[in-house]
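The shown structure was predicted, so the numbers you read here are calculated from the model rather than taken from an experiment.
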Amino acid sequence: MQAATGRRHKMISYAKYGYIFIAPFFIVYTFFMIYPLFNTLLLSFKQNGSEHPEVWVGLQNYQYLLFGEEGNFAANSVQSKFWSSLGNTFILWAGNFVVQIILSLLLAVWFSDARIKIKGTGFFKVVMYLPNIITAASVAGMFMMLFGNSKYGVINSMLLNLQAILEPIPFINDVWISRILVMLIQSWMWYGNTMLLLLSGIFGIDPSIYEAAEIDGSSGANTFFRITMPILKPIFIYVFITSMIGGLQMFDIPYLLHEGTAVRPALKTAAVFIYENFHQVYNYGYSAAASMILFVITAVLGMIVFRFNADSTSAKKRKAK
């Protein structure tokens, strides 16, 4: 009995099985994310073109993109094109985000209001989320058919038949009309996803809080701005960061929404600039450097926005403790 009691039991560790199960994720992530990012960083220090791709030029590509050659800003230089693409990116993202968040918030509050008692909310949620699962190429093709510049575009054809206009409206060629069109398309594609995120956050709020506010005589608007909005702050931060990351990488709709072979200058985003330099003019160094600059901008803005989600009193609490 003593021998049996004193015998050391062999402990079985199941931790290794956990590592085995999560290993495929890290392998795929390393192969498709870490390695391309590292390779892009190396490529950004190399010479442009396919003739001498192994020639190292240091920070020259970054200098030309940010400051131009010898500090001179030329109208058609790679510097002007890069800054123009960055400006287009922020304009298109900001316009689409404002429309998207306002529409999503209004619908989320509307669907979650128990006093309205909307019937068929599940059906409406599915219908509003559907644009999010349609491919961007299909959406761009559909809107090109609707807003084509020629008289054969659906909108122009309808307006001409009604004699509301005398000449077709250049929806795609006009700078601001084309930008507004891209903003509306992006908002239409993503507002359903944002609405569901906000809706889940609203449903996660304790109903007793609203009951106490109602007993205290709080109005609907006061309850919304004093209770709902502050509690939804983490959801807003998450939506803002994910929208910003997707907006700074905006490519499909601006690139496909054009007639002919050339993308309109007003719709050339940073992602379009990177793609054209890599695949069309073979400026691999410029393309890689622009990618790294966009990566740094996204990371910095993400950290700044994330700071708003931090508890402003946490430092004081730690010091007091």
Side-chain angles (χ1 to χ4, degrees), residues 25-50 53-69 77-97 100 136 182-183 186 189-190 193-194 236-256 263 265 267-310:
F25 166 78
F26 288 100
I27 294 172
V28 173
Y29 185 81
T30 302
F31 185 77
F32 289 102
M33 297 295 293
I34 303 299
Y35 172 73
L37 181 62
F38 181 72
N39 191 43
T40 301
L41 179 63
L42 294 180
L43 193 60
S44 67
F45 298 121
K46 296 182 180 181
Q47 186 173 343
N48 283 296
S50 57
E54 300 302 324
V55 177
W56 292 82
V57 295
L59 298 175
Q60 177 180 292
N61 294 325
Y62 293 94
Q63 176 189 344
Y64 286 174
L65 285 177
L66 296 175
F67 309 107
E69 299 183 15
S77 65
V78 66
Q79 178 204 20
S80 66
K81 294 179 180 178
F82 175 68
W83 282 107
S84 175
S85 68
L86 274 182
N88 292 335
T89 302
F90 279 100
I91 290 172
L92 294 175
W93 166 65
N96 115 72
F97 179 76
Q100 178 190 148
V182 171
M183 295 175 192
Q186 292 288 134
M189 290 182 64
W190 289 98
N193 179 69
T194 305
F236 278 116
I237 297 296
Y238 172 78
V239 169
F240 188 85
I241 290 179
T242 53
S243 175
M244 181 188 65
I245 294 173
L248 294 180
Q249 298 175 357
M250 192 184 305
F251 172 78
D252 307 79
I253 301 299
Y255 182 76
L256 296 172
V263 181
L267 299 182
K268 284 189 177 182
T269 61
V272 175
F273 173 87
I274 294 168
Y275 177 84
E276 289 184 341
N277 275 273
F278 192 89
H279 288 279
Q280 296 181 6
V281 294
Y282 306 111
N283 288 335
Y284 302 133
Y286 288 154
S287 178
S291 300
M292 297 309 302
I293 293 173
L294 190 62
F295 172 77
V296 172
I297 292 174
T298 306
V300 171
L301 291 179
M303 288 187 289
I304 293 174
V305 174
F306 187 75
R307 288 290 298 172
F308 286 100
N309 195 33

Rounded to the nearest 0.5 Å, the CZ atom of F67 sits from the CD atom of Q79 at a distance of 8.5 Å

Once rounded to the nearest 0.5 Å, what's the spacing between atom CG of N39 and atom CD1 of I34? 13.0 Å

One pair to check against ring pair (Phe, Tyr, Trp, His ring centres under 6.0 Å): F97 and F240. What are the steps and the verdict? CA-CA 8 Å; F97 179 76; F240 188 85; 5.1 Å; yes

Any donor-acceptor pair under 3.5 Å linking the side chain of N61 with the backbone of K46? yes

Would one find more than 12 heavy atoms of other residues, nucleotides or ligands at under 6.0 Å from atom OH of Y238? no

Look up atom CG in L37 and atom CE in M292, then write down how far apart they are to the nearest 0.5 Å. 5.0 Å

So CG of L267 and CD1 of I91: to nearest 0.5 Å the spacing works out to 10.5 Å

Taking the side chain as C-beta and beyond, is there a heavy-atom pair between F31 and V28 under 4.5 Å? no

Least distance between heavy atoms, A289 atom then Y62 atom: O-CE2, 3.7 Å

Under 4.5 Å between any side-chain heavy atoms of L294 and F273, yes or no? no

For residues A290 and L65, report the shortest heavy-atom separation together with the two atoms involved. N-CD1, 3.5 Å

Can you name the closest pair of heavy atoms from L86 and A270 and give their distance? CD2-CB, 4.2 Å

Under a 4.5 Å cut-off applied to non-hydrogen side-chain atoms, are M244 and L301 in contact? yes

Are the side chains of I237 and V305 in touch, meaning some heavy atoms are under 4.5 Å apart? yes

With side-chain contact (heavy atoms from CB on, under 4.5 Å) as the criterion, how do I253 and M189 come out once you've worked through the C-alpha distance, each side chain's angles and the decisive distance to 0.1 Å? CA-CA 11 Å; I253 301 299; M189 290 182 64; 4.2 Å; yes

Is it the case that more than 12 heavy atoms not belonging to F251 sit under 6.0 Å from its CZ atom? yes

Which heavy atom of W93 sits nearest to which heavy atom of G247, and what is that distance? CD1-CA, 3.6 Å

Out of curiosity, L66 CG to I293 CD1, how far, rounded to the nearest 0.5 Å? 4.0 Å

Could you tell me whether the side chain of V263 reaches within less than 4.5 Å of the side chain of Y275, counting heavy atoms only? no

Parallel, tilted or perpendicular: which describes the rings of F45 and W56, with under 30° parallel and over 60° perpendicular? parallel

Say you draw a straight line from CE of M250 to CZ of F90; how long is it, rounded to the nearest 0.5 Å? 11.0 Å

Return yes if some donor-acceptor pair links the side-chain N/O of S287 with the main-chain N/O of N283 below 3.5 Å, else return no. no

Heavy-atom nearest pair, S44 first then A288, reads N-CB, 3.5 Å

In the structure I gave you, are the side-chain heavy atoms of V272 and T269 within less than 4.5 Å of one another anywhere? yes

How close do V78 and Y64 get, heavy atom to heavy atom, and via which atoms? CG1-O, 4.0 Å

